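Working notes, beginning with the structure itself.
Keep in mind that what you see is a predicted model, and the values were worked out from it rather than measured.
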Amino acid sequence: MSFIQIFIGLALLFFGGESLVRGAVKLAQKFKLSKLITGITIVAYGTSSPELLITIQASLKGLSDIALGNVIGSNIANIFLVLGLVSILNPINVEKKLISFDLNYLLFASFILFAFIFTGEINYQKGLILLIALVIFTFSTYKRHKVNGESDPMLNQVDEIEEQFYFLNLTNKLAVILVVLGVFMLSFGANILVMGASELALQFGMSEAAIAVTIIAIGGSAPELATSVVAACRKHSDIAIGNVIGSNIFNILGVLGISSLISPIVTNSTLAIFDIWVLLFSSLLLFSFVSKKKLLSRLNGFTFLLFYSLYILWQFIF
């Protein structure tokens, strides 16, 4: 039964996330929101909606390992799995301005989470710090991209979203339905997935943390994976790295920030012993690869996938 719950939950999260983002992009067009605002908010943060709902549901149920493990595992999957696959399909040329600010901010956010984990709890006060950091990042991103003009990758990302999916021609009424349906599927899917994951951990003697950083995390990263792989097949792989970096920043600052305001997240678990180090390593490795060559090559992609395979293997063996 737990496997069925997990499968249904993952499916609802994937389609819910897709429906929410695509419908919201169409509504943004109707209300004449700029592509810049749409890219920064709806696209960059909307793809993290599965992680947000999963973490909130787990936090409310007192399942801190799932709440925290979902964010850590999703960020690791975004870098090692998503960028690994994309750079193998089509090597990624990285914009210099992406390195100079966004990637540095991702490292900054990762180190904040690293520090908070060893305090034993991410409480209301720490949640406010995370959200303030997110507001600063969002405002800074808006100011920088506004100056760069219409050729900016953030705007190209919205064009890619519109081009990829047939939802571009949907009516405004259908767009509203998609947004409402997306929110419902995300909420329902997150609840089912968290319950199924908790039961699976009990049945097979696995830790909830191990389930969270593998099965749940991959499910939460599905929107980023789908969007990025299709973009890579269209030779637009540069969009993937901006999507992943933005999503990872939001996962740490937004998802954990919002969730900790609702209910404190306890961090005393195996996540502090091993997984947070892998998260930090993945961010530093991405920074190292990109800083040297302004490129993610196929060799880099195979390296990422190798590390991700070892990480998953570790979860199920140890």
Check: S297 side chain, N300 main-chain N or O, donor-acceptor pair, under 3.5 Å: yes
Criterion side chain to side chain contact (heavy atoms under 4.5 Å, CB included) on I117 and I72, from CA distance to verdict: CA-CA 11 Å; I117 275 190; I72 292 176; 3.8 Å; yes
Atom pair CG/CZ of L253 and F137 - distance to nearest 0.5 Å: 8.5 Å
Donor-acceptor contact below 3.5 Å, side chain N70 vs main chain E51: yes
From OG (S282) to CZ (F287), nearest 0.5 Å: 14.0 Å
Validation row: Q125, L128 side chains within 4.5 angstrom (heavy atoms): no
Heavy-atom donor-acceptor pair, T214 side chain to I211 backbone, under 3.5 Å: yes
Donor-acceptor pair, side chain of S87 and main chain of L83, under 3.5 angstrom: yes
Heavy atoms from other residues, nucleotides or ligands near CZ of F7 exceed 12 (cutoff 6.0 Å): no
Check: Q203 and S2 side chains under 4.5 Å, non-hydrogen atoms: yes
Pairwise distance CG(L285) to CD1(I79) - rounded to 0.5 angstrom: 8.5 Å
Side chain to side chain contact (heavy atoms under 4.5 Å, CB included) between L296 and F304, intermediate numbers included: CA-CA 10 Å; L296 278 180; F304 280 164; 4.0 Å; yes
Non-hydrogen side-chain atoms of V86 and L89 separated by less than 4.5 Å: no
Polar side-chain atom of S221 near backbone of A217 as donor-acceptor pair, under 3.5 Å: yes
F101 with V244, same ILVMFWY side-chain cluster at under 4.5 Å: yes
Same apolar cluster (I L V M F W Y, side chains within < 4.5 Å links), Y124/L113: yes
Nearest heavy atoms of I192 and Q5, plus distance in Å: CG2-O, 3.0 Å
F281 and F307 aromatic ring geometry - parallel, tilted or perpendicular at 30°/60° bounds: perpendicular
Distance, nearest 0.5 Å, that separates OG of S291 from CG of N104: 7.5 Å
Distance-minimising heavy-atom pair for I215 and L10: O-CD2, 3.9 Å
Contact check, side chains of I265 and E121, non-hydrogen atoms, under 4.5 Å: no
N75 side chain to N248 backbone, donor-acceptor under 3.5 Å: yes
Same apolar cluster: I312 and I317, side chain cutoff 4.5 Å: yes
Within-4.5 Å side-chain heavy-atom neighbours: L261 and L131: yes
Check: T119 side chain, F116 main-chain N or O, donor-acceptor pair, under 3.5 Å: yes
Heavy-atom side-chain contact between T303 and F289 under 4.5 Å: yes
Interatomic distance, S247 atom OG to N78 atom CG [nearest 0.5 angstrom]: 4.5 Å
Candidate pair L279 and D275, rule side chain to side chain contact (heavy atoms under 4.5 Å, CB included), full reasoning: CA-CA 6 Å; L279 169 62; D275 301 88; over 6 Å; no
Within 6.0 Å of CZ in F274, more than 12 heavy atoms from elsewhere: yes
Parallel, tilted or perpendicular, as decided by the 30° and 60° cut-offs, for the rings of F118 and W277: perpendicular
Nearest atoms (heavy-atom pairs only) where V290 meets I241: CG2-CD1, 4.0 Å
I132-V135 co-clustered via ILVMFWY side chain contacts under 4.5 Å: no
Aromatic plane relationship, F108 with Y105 - under 30° parallel, 30 to 60° tilted, over 60° perpendicular: perpendicular
Exam field: side chain S260 to backbone L256, donor-acceptor pair closer than 3.5 Å: yes
Working for side chain to side chain contact (heavy atoms under 4.5 Å, CB included), residues N191 and S187: CA-CA 6 Å; N191 187 47; S187 301; over 6 Å; no
Exercise: identify the closest heavy-atom pair between A210 and S207: N-OG, 3.0 Å
Side chain S64, main chain V266, donor-acceptor under 3.5 Å: yes
Linked, directly or transitively: L284 and V278 (ILVMFWY side chains, under 4.5 Å): yes
Side-chain heavy atoms of L20 within contact of L178, under 4.5 Å: no
I218 side, atom CD1; S74 side, atom OG - distance, nearest 0.5 Å: 9.0 Å
Distance-minimising heavy-atom pair for I252 and A109: CG2-O, 3.6 Å
Any side-chain heavy-atom pair of K61 and S263 under 4.5 Å: no
Closest approach of L186 to G16 (non-hydrogen atoms, all atoms of both residues): CG-C, 3.9 Å
